[in-house]
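Written out below as structure tokens is the structure these notes cover.
The figures that follow rest on heavy atoms only: side chains count, while hydrogens, waters and symmetry mates do not. Because the structure is a prediction, the values reported are computed rather than measured. Both counts, for ligands and for their atoms, begin at 1 and track the order of listing.
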Amino acid sequence: AKRYGRGTFRCFMPRMLDPLSGRVSLESRLRRALEQQQFHLHFQPQAQIAGMRLVGIEALIRWECPEFGLINPAQFIGVAEESGLIVPIGAWVLHAACQQMREWQRVGLPSFRIAVNVSLAQFRHGNLLDVVDEALESSGLNPHDLELEVTESLAMKENEYLVRTLAVLRERGVAVAIDDFGTGFSGLSQLQRFPVDRLKIDRSFTRNVAKSDEAATIVRSIIQLAHGLNLHAIAEGVETGEQAAALRDLGCDEIQGYWVAMPQDATETTRLLRSGSIF
Ligand code: C2E
Ligand code: CA
Ligand code: CA
Ligand code: CA
């Protein structure tokens, strides 16, 4: 099953299909999904711990599949990456996220950034600089309102072009976060030359931060590392008030997770933002 990457698509594929044809079939379904606009975005708030102020929103892709219903990215991003389809899908995400963000600004909501996940293939084959430029230009969004999230494992591949592309983006004002930080066993020396603004502490550490000294020690170290390098630290996957309090005590800057808010579609997110109920 290795060749199917994250491969979990088999949970929703009809059983009688041979996995190989299943894969081809998933690819063509993804292609069709793109043409027929079956993708949409969910949004999850990111809050500054001090004052619980809304500082960002992460865009998370969803697939409304006519046959299988709402499908989470874990079930198709792997195949999208292997097939190269992540390039047009990722471009769609950037455009849609910038557009939505601009709409929120138009209705006068207080300012925050929009964070978008990007895959390696988008750097390598996807002309990411041009795609970002187009997305910003067509939406009218300021580059300072956009952040890109790259996973630590991707970030630490020693790709000169990756570093250069991120450096150019940052010169233009786009922020960069390292996602899932702490799981990629990065050489810390590489972090030194990596142009980023924010370390995103992986959920696996957040999960135990309030109940394990070891997890708390790791989280404290990541936060100190971030601050020592003049970066912000954000913890993902915060599900309880205990975790939020522990993170605050450890000096974490920002949190994201079900405890702050669930990811929701644009309509629900707009409702939440307008209600001002949590921020
Ligand atoms: P990620 O970037 O680490 O995103 C965080 C994931 O954790 C999201 O899952 C989110 O719904 C979930 N989550 C948020 N808060 C909590 C919490 O408190 N507890 C728990 N247990 N989970 C929480 P989702 O939306 O299913 O996305 C999964 C992954 O798919 C993302 O992980 C990201 O790597 C990838 N992904 C999502 N959207 C995109 C996209 O547009 N492009 C690319 N390339 N990848 C994407
Ligand atoms: Ca992310
Ligand atoms: Ca993450
Ligand atoms: Ca993670």
Side-chain angles (χ1 to χ4, degrees), residues 5-6 8-9 11 30 33-34 38-47 56-64 70-101 113-126 128 131-132 135 146-155 175-184 196-210 222 233-244 247 254-265 268-269:
R6 295 177 196 175
T8 42
F9 70 88
C11 7
L30 286 173
L34 199 55
Q38 293 166 5
F39 294 114
H40 58 253
L41 295 178
H42 276 190
F43 300 91
Q44 187 177 37
Q46 305 176 328
I57 284 191
E58 181 176 2
L60 296 158
I61 194 170
R62 296 291 180 267
W63 175 18
E64 188 64 59
L70 191 69
I71 299 173
N72 284 328
Q75 291 176 278
F76 64 87
I77 288 289
V79 170
E81 285 174 340
E82 286 166 31
S83 62
L85 277 170
I86 193 66
V87 171
I89 293 173
W92 176 84
V93 170
L94 269 160
H95 274 89
C98 290
Q99 211 76 51
Q100 180 59 61
M101 185 62 197
R113 61 177 184 268
I114 181 96
V116 175
N117 295 285
V118 286
S119 298
L120 182 60
Q122 293 175 260
F123 288 87
R124 196 180 270 154
H125 312 290
L128 188 66
V131 172
V132 168
L146 177 65
E147 179 164 84
L148 302 182
E149 296 194 0
V150 298
T151 59
E152 184 185 22
S153 50
L154 183 165
V176 176
I178 301 187
D179 207 348
D180 303 341
F181 193 83
T183 59
V196 298
D197 302 273
R198 188 170 276 99
L199 300 184
K200 208 165 174 187
I201 301 166
D202 191 68
R203 185 163 79 224
S204 56
F205 305 113
T206 306
R207 188 180 299 131
N208 298 315
V209 70
I222 296 176
I234 178 167
E236 68 175 7
V238 178
E239 294 180 352
T240 69
E242 288 73 33
Q243 291 167 352
L247 288 159
E254 300 165 0
I255 53 175
Q256 176 180 357
Y258 298 161
W259 185 71
V260 179
M262 301 286 292
Q264 289 184 302
D265 67 19
E268 287 304 315
T269 303

Task: Gap between atom CD of E147 and atom NZ of K200 - 0.5 Å precision - done: 8.0 Å
Task: Shortest-distance N/O/S atom, E58 versus the Ca ion (ligand 2) - done: OE2
- [ ] Can you figure out which of Q256, Q75, R203 has its heavy atom closest to atom 12 (C) of ligand 1?
- [x] R203
Open item on the list: For a 4.5 angstrom cut-off between non-hydrogen side-chain atoms, does D179 reach E236?
Closed with: yes
TODO: Kindly identify the option in A59, P73, A177, A235 whose heavy atom sits closest to atom 28 (C) of ligand 1.
DONE: P73
Task: Among the N, O or S atoms of E236, the one nearest the Ca ion (ligand 3) - done: OE1
- [ ] Look up atom CD1 in I178 and atom OG1 in T183, then write down how far apart they are to the nearest 0.5 Å.
- [x] 10.5 Å
Open item on the list: As a test of reading the structure, name the N/O/S atom of E149 that is nearest the Ca ion (ligand 2).
Closed with: OE1
- [ ] May I ask whether G90 has any heavy atom positioned less than 4.0 angstrom from an atom of ligand 1?
- [x] no
Open item on the list: Please list, in number order, the atoms of ligand 1 under 4.0 Å from a heavy atom of D180.
Closed with: 3 (O)
Open item on the list: Considering only residues two or more places apart or on different chains, which pairs with a residue in residues 115-126 satisfy side chain to side chain donor-acceptor pair (under 3.5 Å)?
Closed with: E58-N117, E81-S119, R124-Y161
TODO: Check whether any N or O atom of V93, backbone or side chain, sits under 3.5 Å from an N or O atom of ligand 1, and answer yes or no.
DONE: no
Task: Per-atom contacts of ligand 1 with Q44, taking only distances under 4.0 Å to non-hydrogen atoms - done: 14 (C), 15 (N)
Task: N, O or S atom of T151 closer to the Ca ion (ligand 2) than 3.0 Å - done: no
TODO: Of all N, O or S atoms in D179, identify the one at the shortest distance from the Ca ion (ligand 2).
DONE: OD2
Open item on the list: Any nitrogen or oxygen of N72 lying under 3.5 Å from a nitrogen or oxygen in ligand 1? Just yes or no.
Closed with: no
TODO: Below 4.0 angstrom from a heavy atom of E58, which ligand 1 atoms are there? Numbered from 1 as shown, please.
DONE: 2 (O), 4 (O)
- [ ] Quick one: pull up CD1 in I114 and CZ in F43 and give me the separation to the nearest 0.5 Å.
- [x] 5.0 Å
TODO: Kindly compute the distance separating CD (Q38) from CZ (R62), expressed to the nearest 0.5 Å.
DONE: 16.0 Å
Open item on the list: Would Q122 count as a polar contact of ligand 1, with the cut-off being nitrogen or oxygen pairs under 3.5 Å?
Closed with: no
TODO: Within a distance under 4.0 Å of any heavy atom of P263, pick out the atoms of ligand 1 and give their elements.
DONE: 11 (O)
TODO: State whether the side chain of D202 and the backbone N or O of F205 hold a donor-acceptor pair below 3.5 Å, judged by distance alone.
DONE: no
Open item on the list: Just to be sure I'm reading this right: ignoring hydrogens, which of N117, D179, V238 gets closest to atom 42 (N) of ligand 1? Compare them by their nearest heavy atoms.
Closed with: N117
Task: Distance, nearest 0.5 Å, that separates CG of D265 from NE2 of H42 - done: 5.0 Å
Open item on the list: Suppose we only allow N, O or S atoms; which atom of D180 ends up nearest to the Ca ion (ligand 3)?
Closed with: OD1
- [ ] Side-chain contact test, heavy atoms from C-beta onward, threshold under 4.5 Å: evaluate it for I201 versus V209 and give yes or no.
- [x] no
TODO: Return the orientation label for the W63 and F76 ring planes: parallel under 30°, perpendicular over 60°, tilted otherwise.
DONE: perpendicular
Task: ligand 1 N/O within reach of E149 N/O, cut-off under 3.5 Å - done: no
Task: CH2 on W259 to OG1 on T206, rounded to 0.5 Å - done: 13.0 Å
Task: Considering all heavy atoms, the nearest A244-V238 contact - done: N-CG1, 4.0 Å
Task: Within-shell test, R62 vs ligand 1, heavy atom, strictly < 4.0 Å - done: yes
